[in-house]
Structure formats: structure tokens, C-alpha cells
Amino acid sequence: MNAPWTVNGERLWEALMAMAQIGATPRGGVCRLALTDADREARDLFVRWAREAGCRVEVDQMGNLFARRPGKEDHLPPVLTGSHLDSQPTGGKFDGAYGVLAALEVVRTLNDLRCETRRPIEVVVWTNEEGSRFAPAMIASGVFAGEFSLDYGLSRCDRDGVSIGQELDRIGYAGPRPCGGQPVHAYFEAHIEQGPILEAEGKTIGVVLGIQGIRWVDCTLEGTAAHAGTTPLPARRDALLGAARVIQAASEVAAAHAPEARTTVGELRVHPNSRNVIPGRVDFTLDLRHPHAETLQAMSEALRAAFDRVCAEQRLAGQWQEIWYAPPTAFDPDCIAAVRRAAERLGLPHRDIISGAGHDAKYLAQVCPTAMIFIPCRDGLSHNEAEAISPADAAAGASVLLHAVLEKAQE
Ligand code: HGY
Ligand code: MN
Ligand code: MN
């Protein structure tokens, strides 16, 4: 029997290293916040490569990119595959970029093999997956799936009050194509695991069954800014002390629902942030996650109760605003099976896994059969400049993507 098709691993690695030069940080990572000049530069490079690979590129109203490789029956709903190019402020080279460039490598390989698929294939770059500059995360795939309105998506603002719509205009990626509403036959996303499981078990491929639930909350605590030296303890209304107690409570809520529960306070801003002023106001973010919706709800309620208790005890005014809820997502059994068949055909050690991280595939799963492919990342580290993968795993994951996409594109 002929050896199964595989991608050109060297070409894929070259593309990953070239893309990693855009927004490169001194410590080996990337900073490509959504819709910044670095994101535009990355998009421009992708568009050039996609056109060189014979694709027609379209841009939709949320700036999502679609690089289309025609099929024999080009009127049929396409198979989509891709990920994101925006990163965290101190992100790694591979979060998102791997899925985009593995998908491009699939197209390049099909070109090399002169393989014409029945259905068209579209490589997709989703705008603002990270949700770091503009919250919530996965906003553009969410608009594509009808989870959010276009107006809501375009009106999301960063901390400086600049909107997604303004930035899309500024970088020249406010496209004419309607965002969503087009039929999709299937969607596959290749991504690094961003956790320790595959590496610890010596598995090359994660067959992703779904994504855990996520809740994001914006919190504000208001007390009284006052003199650090003259204000007696009973008179202090210290917003930062209150935030510290809420942060401790968040850690205890996660421990109470171990081992799956996750709670994170990633952003914290102190006002007036002066060493000899009792903080009068603190703004901070809560990120809560769990694979089961009811447990995630219980975690949120427990933490809200702690928040209210701290406000009462510390005589603080509190604002608790839930800004995003993404329920746990189950992927399509047939697409999952296609990924598993591809891994077995390629003789790659694999295991089923639930994604701890959110991905655009979460929203694609609401509009078409969807699944994901994971590869290991070193020490399970991600959202860190030291994020690393091996060229061999990168190629293996892209070859699994090739076979899964091909299976669906021939249906
Ligand atoms: O937050 C997440 O899980 C993803 O990396 N945006
Ligand atoms: Mn990602
Ligand atoms: Mn990420």
C-alpha cells in the first residue's frame, strides 16, 4: 500500500520562523496584538503566500481572511481550516500561527500533488481570537457564527477607547464580504495543546473532543484614596486590600473544584497607583473555566458571593460585570473520527483530549461539523515567549490536518 501523503515539514517550519519575525520580542516570543501594525504585517504576509499558492483571498466585515483553493465542484460548501495570527502581549511563536500555516501547508502540499478536491478549501485567519486587546475573545468567529451581531463586534473597544471597526479601517482590513451566513461543509483547526498532557504521555497528536466552558468578569472595587501615613486603620477603605481578598477567594474556588477548575486574575489596575496613597479604586479581570457548565456556574456564584462579602466587610463599592460566557463545546463525532483515522493512518501516537484553551473552533462548531488537532508544546507552556514545539510534531500535526481536510473535501 502506498505511503500516506505527508506535508513538506521543512517548508512549514520556514513559514513558521518567517511569521515569527513579525512582532518578534527580544525574549523569543511575539507581540502581535489584534489589529496593530504587527497584525497587519502578519496578515499581509499570509495574503501574499496564499496568492502565491493560487488562492483567491477575500476579507469579511470583521477582517476575517478567507484564502480559497477552488474545487472541481466549486459551488459546493467549502471545507474551512485555519486559526488566528493575533497574539498575547508576550505570546509565543506558535499559538494561532501554527494552525494558519499548517492549513496553508495543506494547500501547498495539495498543489504539489496536483490533487484537485471535489469541494473548495478555504484557509481562514480569524480576527482577534485572543481577546487580549479587545474583549471578548474569539469575537470575529463569534460574529461569523451569529453569536454576536456585527455592530457588537465592530464596536468592541480596547482600553484606550479605540474600536475594532476603527482599527480594521486603519489597517485596511475592513472587508466587503458579509461576516457569516455562508454554508460550511466542515471546519478543522490545528493548534498547539498549550498544556502538559501530550508531552507528558509521549503522544504526538491530540484528538480534540471539545472545549471547556469559559466565563469572563470585569470587576471594580471603589474605596477612598487617602494618605498612607495619616489615615488610621479603622478609617481606611482600601480597594487593593479588597481586591487581594477576592483574588484569594478565586484561588480557593478553584481548589474547591479541583482538578479541572481554573480561576485567573490576569489584569489589575490600581488607582491612583502611588506608593503613599491608599488605593481608592482597583479594576481587575476574572477568567473562570471548567469542562462542566453547572460547575462553572457554581464557581461563578461562589466567587460573586465572596466578592459581595469583601465589599461589605471592607465598606467598598463593587461592580461585577460578566462580559462573556462561552459554554462547554462538544465537537462533531465524524470530524473527530476523521482526525483519529488520519493519526492512525500516519502511525502517530494519539489520545483524546478536551481543550483547556478557547479557540475559534468553539464558534465554528455552532455552524458546521468541527474538530481540532493538537500537537505538544514544550513543558506545556503557552501565552509565554518561551513557547516551543518541535519541527517533527509541527509536520505530523499538519499531515493529520491534510488527511482530515482531504477526507471532508472529497465528500
Ligand atoms: O483564552 C484562551 O483560552 C485563548 O488562548 N484565547
Ligand atoms: Mn490560540
Ligand atoms: Mn492564545
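Order of listing sets the numbers, starting from 1, for every ligand and every atom in it.
- Note: Tyr363 and Trp126 fail the aromatic proximity criterion, with ring centroids not under 6.0 Å apart.
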Using a cut-off of under 3.5 Å, which N/O atoms of ligand 1 pair up with protein N/O atoms, and what distance separates each pair?
{"residue": "ligand 1", "atom": "1 (O)", "partner": "Arg289", "partner atom": "NH2", "Å": "2.8"}
{"residue": "ligand 1", "atom": "3 (O)", "partner": "Arg289", "partner atom": "NH1", "Å": "2.7"}
{"residue": "ligand 1", "atom": "3 (O)", "partner": "Arg289", "partner atom": "NH2", "Å": "3.3"}
{"residue": "ligand 1", "atom": "3 (O)", "partner": "Gly358", "partner atom": "N", "Å": "2.7"}
{"residue": "ligand 1", "atom": "5 (O)", "partner": "Glu130", "partner atom": "OE1", "Å": "3.4"}
{"residue": "ligand 1", "atom": "5 (O)", "partner": "His383", "partner atom": "NE2", "Å": "3.1"}
{"residue": "ligand 1", "atom": "6 (N)", "partner": "Glu129", "partner atom": "OE1", "Å": "3.3"}
{"residue": "ligand 1", "atom": "6 (N)", "partner": "Glu129", "partner atom": "OE2", "Å": "3.0"}
{"residue": "ligand 1", "atom": "6 (N)", "partner": "Glu130", "partner atom": "OE1", "Å": "3.3"}

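- Under a 3.5 Å cut-off, the side chain of Gln61 and the backbone N or O of Cys179 do form a donor-acceptor pair.
- Using a 4.0 Å cut-off between charged nitrogen and carboxylate oxygen, Arg11 and Asp112 count as a salt-bridge pair.
- With salt bridges taken as basic N to acidic carboxylate O contacts below 4.0 Å, none links Arg133 and Asp160.
- Glu130 and His383 are linked by a side-chain donor-acceptor pair at a separation below 3.5 angstrom, with hydrogens and angles left out of the test.
- A donor atom on one side chain and an acceptor atom on the other are found under 3.5 Å apart for His191 and Asp95.
- Counting only distances under 2.8 Å, and ignoring water, the protein N, O or S atoms around the Mn ion (ligand 3) are Asp95 OD2, Glu130 OE1, Glu130 OE2, His383 NE2.
- Taking the six-membered ring for Trp, Phe331 and His359 have ring centres at least 6.0 Å apart.
- Here the closest non-hydrogen pair linking His403 and Ala342 is CB-CB, 3.6 Å.
- The aromatic rings of Phe284 and Phe307 lie tilted to each other, with the angle between the two planes from 30° to 60°.
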